[in-house]
Amino acid sequence: MSEEKRIVELDKYEHRAVVNIINDKRTEMIEEQKNDDFITEILEKIINAPAKKKSLLKKDKDRDER
């Protein structure tokens, strides 16, 4: 059985907000001396997520297909 994956598209401001929220939670867990490994892994995934560049060519192609 394969794991279900989620894809979320965020603009640069939303991305920054998510990084800040997760980092705040990680900091809180560190201060409470709780294991933060899981949160750190998520934070790294969010930070290292590739950016998807929009192509004007694709928009034109989609318009022509309609």
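Treat the numbers as computed from the prediction; the structure is a model and nothing was measured.
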Nearest heavy-atom contact between Glu9 and Glu14 is O-OE1, 4.1 Å
Look at the side-chain heavy atoms of Ile, Leu, Val, Met, Phe, Trp and Tyr, link any pair under 4.5 Å apart, and say whether Val18 and Val8 land in one connected group. yes
Around atom CD of Gln33, are there more than 12 heavy atoms of other residues, nucleotides or ligands at under 6.0 Å? no
Name the atoms and distances for all side-chain donor-acceptor pairs under 3.5 Å in residues 37-45, with sequence neighbours left out.
residue: Thr40; atom: OG1; partner: Arg26; partner atom: NE; Å: 2.9
residue: Thr40; atom: OG1; partner: Asp36; partner atom: O; Å: 2.9
residue: Thr40; atom: OG1; partner: Asp36; partner atom: OD2; Å: 3.0

Inter-residue atom distance Asn35.CG - Ile30.CD1, 0.5 Å rounding: 10.0 Å
Between Arg16 and Asn20, does the side chain to side chain contact (heavy atoms under 4.5 Å, CB included) criterion hold? Intermediate values first, please. CA-CA 6 Å; Arg16 189 81 245 151; Asn20 286 332; 3.9 Å; yes
d(Glu28 CD, Lys34 NZ) to nearest 0.5 Å is 7.5 Å
Please list, chain by chain and in numerical order, all residues satisfying side-chain contact (heavy atoms from CB on, under 4.5 Å) with Glu4, sequence neighbours excluded. Arg6
